[in-house]
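Proteins come first, then strands; the chains are lettered A, B, ... in the order of their sequence lines, and each starts at number 1. These numbers come from a predicted model, not from an experiment.
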There are 2 protein chains.
Amino acid sequence: MWLMGEFELLARVRERLPAAGPRLRLGSGDDAAVTMPGGATATSVDAAVDGVHFHRECASLPQIGHKALATALSDLAAMGAEPGEAYVTLGVPCDLDEDGCMELLDGMVALAEATGTALAGGDVTRAEELFLAIAVVGHAETPNSLVTRAGARPGDALVLTGEVGGARAGLALLEDAGLEPAAGEDARHLRERQLEPRPRLAAGRALARAGATAMIDLSDGLGGDGLHLAEQSGVGLRIDGEAVPVAAGAARILAVAGEDGLQRALEGGEDYELLAAIPRGRLAHARRAVHDREGIALTTIGEAVEGEGVEIKLPGDRILKPRRGFDQLA
Amino acid sequence: MWLMGEFELLARVRERLPAAGPRLRLGSGDDAAVTMPGGATATSVDAAVDGVHFHRECASLPQIGHKALATALSDLAAMGAEPGEAYVTLGVPCDLDEDGCMELLDGMVALAEATGTALAGGDVTRAEELFLAIAVVGHAETPNSLVTRAGARPGDALVLTGEVGGARAGLALLEDAGLEPAAGEDARHLRERQLEPRPRLAAGRALARAGATAMIDLSDGLGGDGLHLAEQSGVGLRIDGEAVPVAAGAARILAVAGEDGLQRALEGGEDYELLAAIPRGRLAHARRAVHDREGIALTTIGEAVEGEGVEIKLPGDRILKPRRGFDQLA
């Protein structure tokens, strides 16, 4: 009887999907969705699994849907692509009913509408545990207008959108209610950073147009993702840890939680901010463009140098040297 | 330590990926894959979950990989699209090691190479149970050169590629070794139909070019999928059950298994053959093209009529009338 339910669920899903995107010629309900891309496409897939990427007891269903789509779209942001279509596969355990699936979808629909993404198709299946697998397609005029991780050159400035550490502190708050007093007024914002990350799509496009030479989104943290960018560009990254904007309250809460507050804030993943390399002559323009389009700051936090590896300078002359597989949080 | 493993696994996966496809500008390893589609795209996502779509005790790991990609590509076949890129998300339980993941991948790589599909990206995550979520992108010159489920007109002939019932009989054999004597020489072929379906990509393109007005692949069976095509085209389908080619031995084995052999063969899903509607004047051309390109027969099994619903005429004047949710097998 599951599949009787699947048909009905898919019908309900389709009713709730937002209006088609500009490139979508045929949406959900046939063997495949049909689009007319016109130019280059950037495609990425991302999975979110209960107990690995989220915990149903800590996040609402709309938040789980939101975050799964947000993390997928964040990869498009890191390419400087315009979001186009998303295709959602849902693995539904027996303790999640149809209304629950609709709530998950609500979180996705809201973010899809806010970002101009068409939810163009999907699949629903029974599963032991809740999982979401999301494929996203972004667009650009030409392949060269997309920014890879591989183009940073020695001398490029290293820039960061927004602030880091908030998602890590938010996770600590969700895991330990005893930290609440230390968080005070920052608690809500920090939890939001963990549960409802915003893909920096407008900032990513602004950075691409401003001439960013390499870009990556911070899912694994400044150290781990910085290392990807360094390795794929064949450069070293030198980061001034004290220049990195840290979310209000994050270092304090992580310190109360018994960790080195600043270090953990810098290492903590899931902020989904963008780290980019850009020629120094383009910095002022990039900063203005990111502020105008995304409403957040772009901060210079270091530079690309000849060599390899990432070094993050901390107070007291300590140097953090992330390695492969370094402090991945999810 | 999982993620240490994830990095290494992804590196091993990338080494084994086949050469890039004609539209692929940047493959796995960056935030997103970059393609230049040039024309219309058809995109579909499909999931395969252990215990739902396959059983690890019945299928080898390469077969599981093969079938997951095959069922996704089958949706492109049903659009008449040329296969382009595939993006694979793997949920890996703790009892599947890296070598096991490579075996899964081997099954996908072999089918990708055989069909000209580029494995362009993916994601790997820890999970309680093995799952595969595959997004496939196919290409065509224009949206109108793709065939939806919605264009069948009264008077169109209803045609079927290959034979049905084999996958259902193969499943019965896998579930009950006691059926083996009844299967005799047919056993191997029938098990293959269940475990290693072939997406009818060449036949799908041939049917699209020959003028098919509507098309669907048989994942849920002739009744269930016929109903989708009928509903979306706004026609009725009248099928002569005795004209439907049934895989050798399938009806016999299903009869021994205590079922109405012919009826179960017709209803059984997972054959991944194509059901299409086509104007009668194009029949001879379509038959030749499907034979030349896919090496299989195209059989006329009925027609589209004014009205609604699907009726399958069985021997002894019995009429099978599938309804929504009818006899879905997976």
Side-chain angles (χ1 to χ4, degrees), chain A residues 1-4 6-7 25-26 29-37 39-49 51-53 75-76 78-79 81 85 87-89 91 120-123 125-129 131 133 135-138 143 146 148-150 215-217 220 232 324-325 328 330, chain B residues 1 3-4 6-7 25-26 29-37 39-49 51-53 75-76 78-79 81 85 87-89 91 120-123 125-129 131 133 135-138 142-143 146 148-150 215-217 220 232 324-325 328 330:
Chain A
M1 282 295 85
W2 165 258
L3 277 137
M4 193 68 188
E6 186 187 315
F7 281 130
R25 300 303 166 91
L26 177 69
D30 214 294
D31 292 301
V34 176
T35 66
M36 276 296 284
T41 65
T43 304
S44 183
V45 294
D46 227 330
V49 177
V52 181
H53 302 86
D75 285 319
L76 300 186
M79 300 295 290
E85 299 80 40
Y87 303 86
V88 179
T89 299
D123 191 17
T125 172
R126 197 171 14 142
E128 283 292 313
E129 66 197 332
F131 72 81
V136 287
V137 182
L146 295 168
T148 71
R149 300 173 176 177
M215 190 149 59
I216 191 167
D217 65 317
D220 293 338
Q232 289 181 241
R324 252 179 191 279
Q328 313 293 324
Chain B
M1 282 296 84
L3 277 137
M4 194 68 187
E6 187 187 314
F7 281 132
R25 299 303 164 91
L26 176 69
D30 214 294
D31 292 301
V34 176
T35 66
M36 277 296 284
T41 64
T43 304
S44 183
V45 294
D46 226 329
V49 177
V52 181
H53 303 86
D75 284 320
L76 299 186
M79 300 295 291
E85 298 80 39
Y87 303 86
V88 179
T89 299
D123 191 17
T125 173
R126 199 172 10 145
E128 282 292 313
E129 66 197 333
F131 73 81
V136 288
V137 182
T142 66
L146 295 168
T148 71
R149 299 173 176 177
M215 189 151 58
I216 192 168
D217 64 317
D220 293 336
Q232 290 182 240
R324 255 179 188 280
Q328 313 295 320

Per-residue contact mode, Arg25(A) against chain B (heavy atom under 4.5 angstrom): side chain

Contact class of Leu146(A) relative to chain B, heavy atoms under 4.5 angstrom: side chain

Can you tell which part of Glu128(A) gets under 4.5 Å to a heavy atom of chain B, answering side chain, backbone, both or neither? both

Are Glu129(A) and Val52(A) close enough that some pair of their side-chain heavy atoms sits under 4.5 Å apart? no

Applying a strict 4.5 Å limit to non-hydrogen atoms, the region of Ala135(B) in contact with chain A is side chain

Among Asp30(A), Val136(A), Val49(A), which has the most heavy-atom pairs under 4.5 Å with chain B? Asp30(A)

Among Pro143(A), Gly91(A), Ala81(A), which residue forms the greatest number of heavy-atom pairs with chain B at distances under 4.5 Å? Pro143(A)

Which of the residues Val45(A), Val34(A), Thr43(A), Asp75(A) is involved in the greatest number of heavy-atom pairs with chain B at under 4.5 angstrom? Thr43(A)

Can you find a pair of side-chain heavy atoms, one from Asp46(A) and one from His53(A), that are under 4.5 Å apart? no

Show the nearest heavy-atom pair for residues Gly39(B) and Pro37(A), with the distance to one decimal. O-CD, 3.2 Å

Between Met36(A), Arg149(A), Met215(A), which shows the greatest number of heavy-atom pairs under 4.5 Å with chain B? Arg149(A)

At a heavy-atom separation under 4.5 Å, does Ala47(A) approach chain B through its side chain, its backbone, both, or neither? both

